[in-house]
Amino acid sequence: MTAGWLLRRLGTIVLVLLIVSFTVFGITQLLPGNAAVMILGEFATADQRHAMELAMGLNDPWYQQYGHWLGNILRGDWGMSAGLSRPVASLVGDALGRSAILAGATLVTVCLVATPIGVAGALLRGTVFDLVIGLVAYLGASVPEFVTATLLLVVVAGPDTGWLPAGGFTPAADGLGQFALHMVLPVATLSLILVAHLSRQIRSEMGEVLGSDYIRAAQVKGLTRTRIVLVHALRNALAPAVAVLSLDVGYLLGGILVVEEVFAWPGLGRLLIYAVQNRDLVVMQAATLVMAAAYTMSNLAADIIIAKLDPRVHYA
Amino acid sequence: MRDLFRQPTFIVGFVLLSLVAIAVIFGPWLAPYDPQAFHPRARLQPPSAAFLLGTDQFGRDLLSRLLIGARATVLFGVGATALGVAAGGLIGLVAGVSAGAVDAVIMRILDGLVAVPDLLFALLIVTILGNGMQNALLAVAIAFTPGLARIARSTVLSLRGRDYVLAARARGEGPAWVILCEVLPNAIGPVIIEATIRVAFAVMIGATLGFLGLGAQPPSTEWGLMIASARQFMARNIWTVLVPSVAIAMVALGFNLLGDALRDHLDPRARR
C-alpha cells in the first residue's frame with residue numbers, strides 16, 4: 001500500500017461524494033413545493049413566500065444554488081432543520097454517533113458469531129450441523145429486517161415476557177446496563193442476515209483453503225489440527241470474508257433505517273425517515289450525504305484491512 | 001435441466017415458487033372470502049375451520065387477503081427487477097461496448113450512485129414521486145439500476161475479447177450484429193442469475209416500503225402493509241403478523257434458492 005494509492009483512493013471518494021451530493025441536491029430540487037413553502041407553512045401569503053424565496057436564493061439558477069449549498073456544507077454550515085429548530089450539523093452529528101454505536105456493535109457481533117459458525121461448517125461439511133446452519137442461513141437471508149424486528153418484539157419484548165426493553169435509547173452515561181439492554185434487540189435483528197451471509201462465505205473460503213497444498217504441507221510437517229485451522233487456514237479465509245463484509249455495510253446501512261424506526265433508536269436512520277415523512281429537506285440532504293460517506297469510508301477501511309491480512313495484496 | 005432437478009436447493013425453491021405462482025395466478029378464485037369484507041363478530045380470531053389462517057382487527061379473512069395480496073407483492077418484485085435489469089443492462093451494455101471516455105464517465109456516475117444503499121435510494125425517489133405502489137416499483141427499479149449496470153458492464157467486458165466475438169468482427173459484422181447476436185446471448189446468463197436473487201430483495205424492499213407507509217396504501221392487501229397494520233394487535237394476536245411474515249419469507253426464500261441453483265448450474269466453477 002503506497003501513499004499514492006491512498007491519495008488516489010481518497011480522490012475517488014471525494015468524486016463519489018460529489019456525485020452523491022449532486023444526486024441528493026437534484027432529488028430535493030425535484031420535490032414539489034420548495035423550502036420556503038415548507039418553512040412558512042400552507043397559510044403563508046404569496047408576498048411572504050416571495051420574500052422568503054428571495055432571502056433563501058431559491059430563484060437563482062440551480063447551479064448557483066448547488067454551488068452555494070455545497071460551499072456551505074464544506075464550510076460546516078449545514079443549515080437549520082425547519083421542523084426540529086436545531087442546527088442540522090449537531091442534529092446529524094448526534095444521530096451519527098448513536099447509529100455508529102449500533103453499526104459497530106453489529107459488526108463485532110457478526111464477526112464473533114459468523115467466524116466460528118463458518119469454520120465449523122467447513123470442518124463438518126455434509127453433516128447435520130452444516131445442513132441446519134445452511135438452512136438457517138437461507139432463511140435469515142429471506143426475512144426482511146422489519147419482519148425479524150417485529151417478531152422479536154412480540155416474542156422477547158411483548159407484554160407477556162418483557163425480558164428486554166421494546167425500544168428507545170439510554171445514553172451510556174445514564175447506566176451501562178440499560179444502555180446495553182436497549183441495544184440487544186436492534187443488534188440481534190441487524191446481525192441475523194449478515195451472520196447468515198458471512199458464515200456461508202467463510203465456510204466456502206475455508207473449504208477451499210483447507211484443500212490447498214500448503215495446508216497439506218502443514219499436516220505433513222506434523223502440526224496440530226487446531227493450529228493448522230486457526231493459524232494457517234483462517235487468516236487466508238478471512239481476507240475474502242472482509243471484502244464481503246465491506247459490501248454488506250451497504251446492506252447494514254439500509255437495515256439501520258428500518259431497525260432504528262422499529263426500535264425507536266434515535267440514530268441517522270430514524271432521523272432520515274423523519275425527514276422524508278416531514279419533507280425536512282436540509283436534514284434529508286445532510287443525512288444521506290453522511291450515510292454515503294460512511295459507506296465509502298468503510299469500503300476504504302476494508303481494502304486496508306485486506307492488505308494487512310493478505311501480504312500478497314499490493315496496492316500501488 | 002435434469003441436472004437442475006437433482007439439486008435440493010433448486011427443488012425446494014421450485015416448489016416454494018410454484019405455490020407462490022398458484023397464489024398469484026389463481027388467488028382471486030381460491031380466496032374463500034372477499035378480502036375487504038368485515039366480519040365484525042369474528043375479529044382477531046385465531047386460525048379455525050371457518051377462517052383457516054384467522055382474521056385481522058376488522059375480522060377480514062387473512063387467507064383471502066394473503067391470496068389476493070400475492071399479486072401486489074410478488075409482481076411488484078418481478079416488475080421492479082425487470083425494469084431495473086432493462087435499464088441497467090442497457091447502460092452497462094453501452095458502457096462496456098463503447099469503452100474509453102463514455103465508459104469512464106458512466107462508471108464514475110455509477111460508483112457514486114452505488115454508494116447510496118438501495119433502500120435509502122428507493123426511499124429518496126419515493127419522496128419525489130409520492131407514496132404508492134407504482135411509484136415504489138419505479139423507485140426500486142431505479143435504485144437497482146446502477147448495480148445491475150455494473151454487472152452487465154463487467155460481463156460485456158469479459159466477453160469482448162473472446163475468440164468468437166473477435167471472429168465475428170473479423171468476418172466484418174457490424175457492431176449492432178456483434179452486440180445483439182454474439183455478446184448479448186452470452187451476457188444474459190449472469191444477468192438472469194443476479195436478477196433472480198434481486199427479485200427476493202425487491203420483494204423485501206417493496207414490503208419494507210409498505211411497512212414504512214411509503215409503498216402500498218390501505219386497504220391494499222400488500223403483505224408488508226398487512227404486517228404494518230397488524231402491529232398494534234400483534235402482542236396478543238401473533239398470527240396476524242406471522243401469516244404475512246411467513247408469506248414474504250417464502251417468496252424471498254424461493255427466489256434466493258432458485259438463483260443460487262441457477263448460478264451453480266450455469267457456472268460450475270462457482271459450485272463449492
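So you know, we letter chains A, B, ... as the sequences are listed, proteins then strands, and number each from 1.
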Tell me, out of B/V116, B/T208, B/V246, who's got the most heavy-atom pairs with chain A below 4.5 Å. B/T208

If one checks every heavy atom of B/F255 against chain A at 4.5 Å, the contacting part turns out to be neither

Short side-chain to backbone donor-acceptor contact, B/Q57 and B/S229, under 3.5 Å: yes

Between B/D103 and B/R150, does a salt bridge (Lys or Arg N to Asp or Glu O under 4.0 Å) hold up when you go through it step by step? CA-CA 11 Å; B/D103 181 40; B/R150 295 222 302 192; over 6 Å; no

Consider only side-chain N and O atoms of A/S142 and B/N256, and report whether a donor and an acceptor are under 3.5 Å apart. yes

Which atoms of A/T150 approach chain B - backbone, side chain, both or neither, heavy atom under 4.5 Å: both

Would you check if the side chain of A/S199 reaches a backbone N or O of A/I117 as a donor-acceptor pair within less than 3.5 Å? no

B/T55 side chain to B/Q45 backbone, donor-acceptor under 3.5 Å: yes

Per-residue contact mode, A/Y251 against chain B (heavy atom under 4.5 angstrom): side chain

If you tally heavy-atom pairs under 4.5 Å against chain A, which of B/A249, B/A122, B/G254 wins? B/A249

Which one of B/D260, B/I109, B/L242, B/L214 has the most heavy-atom pairs closer than 4.5 Å to chain A? B/D260

Does B/V24 offer a backbone N or O that forms a donor-acceptor pair with the side chain of B/R71 under 3.5 Å? yes

B/T221 (side chain) donor-acceptor with B/G69 (main chain) under 3.5 angstrom: yes

Given a strict heavy-atom distance threshold of 4.5 Å, which part of A/Q277 is in contact with chain B: side chain, backbone, both, or neither? side chain

When only pairs under 4.5 Å are counted, which of B/G130, B/S245, B/A228 shares the most heavy-atom pairs with chain A? B/S245

Heavy-atom side-chain proximity of A/V276 to B/V126 below 4.5 angstrom: no

Side chains of A/E260 and A/S99: do they bring a donor and an acceptor to under 3.5 Å? yes

Interface moiety of B/A200 toward chain A, non-hydrogen atoms closer than 4.5 Å: neither

So which part of A/L17 gets closer than 4.5 Å to some heavy atom of chain B, the side chain, the backbone, both or neither? neither

Taking A/P144, A/G254, A/A294 one by one, which has the highest count of heavy-atom pairs under 4.5 Å against chain B? A/P144

Side chain, backbone, both or neither of B/L257 within contact of chain A (heavy atoms, under 4.5 Å): both

Measuring heavy-atom distances to chain A, does B/I227 have an atom under 4.5 Å in its side chain, in its backbone, in both, or in neither? side chain

Between A/I27 and chain B, which part of the residue has a heavy atom less than 4.5 Å away: side chain, backbone, both or neither? both

Sub-4.5 Å side-chain heavy-atom contact between A/L18 and A/L70: yes

Measure A/Y295 against the heavy atoms of chain B and call it side chain, backbone, both or neither at under 4.5 Å. side chain

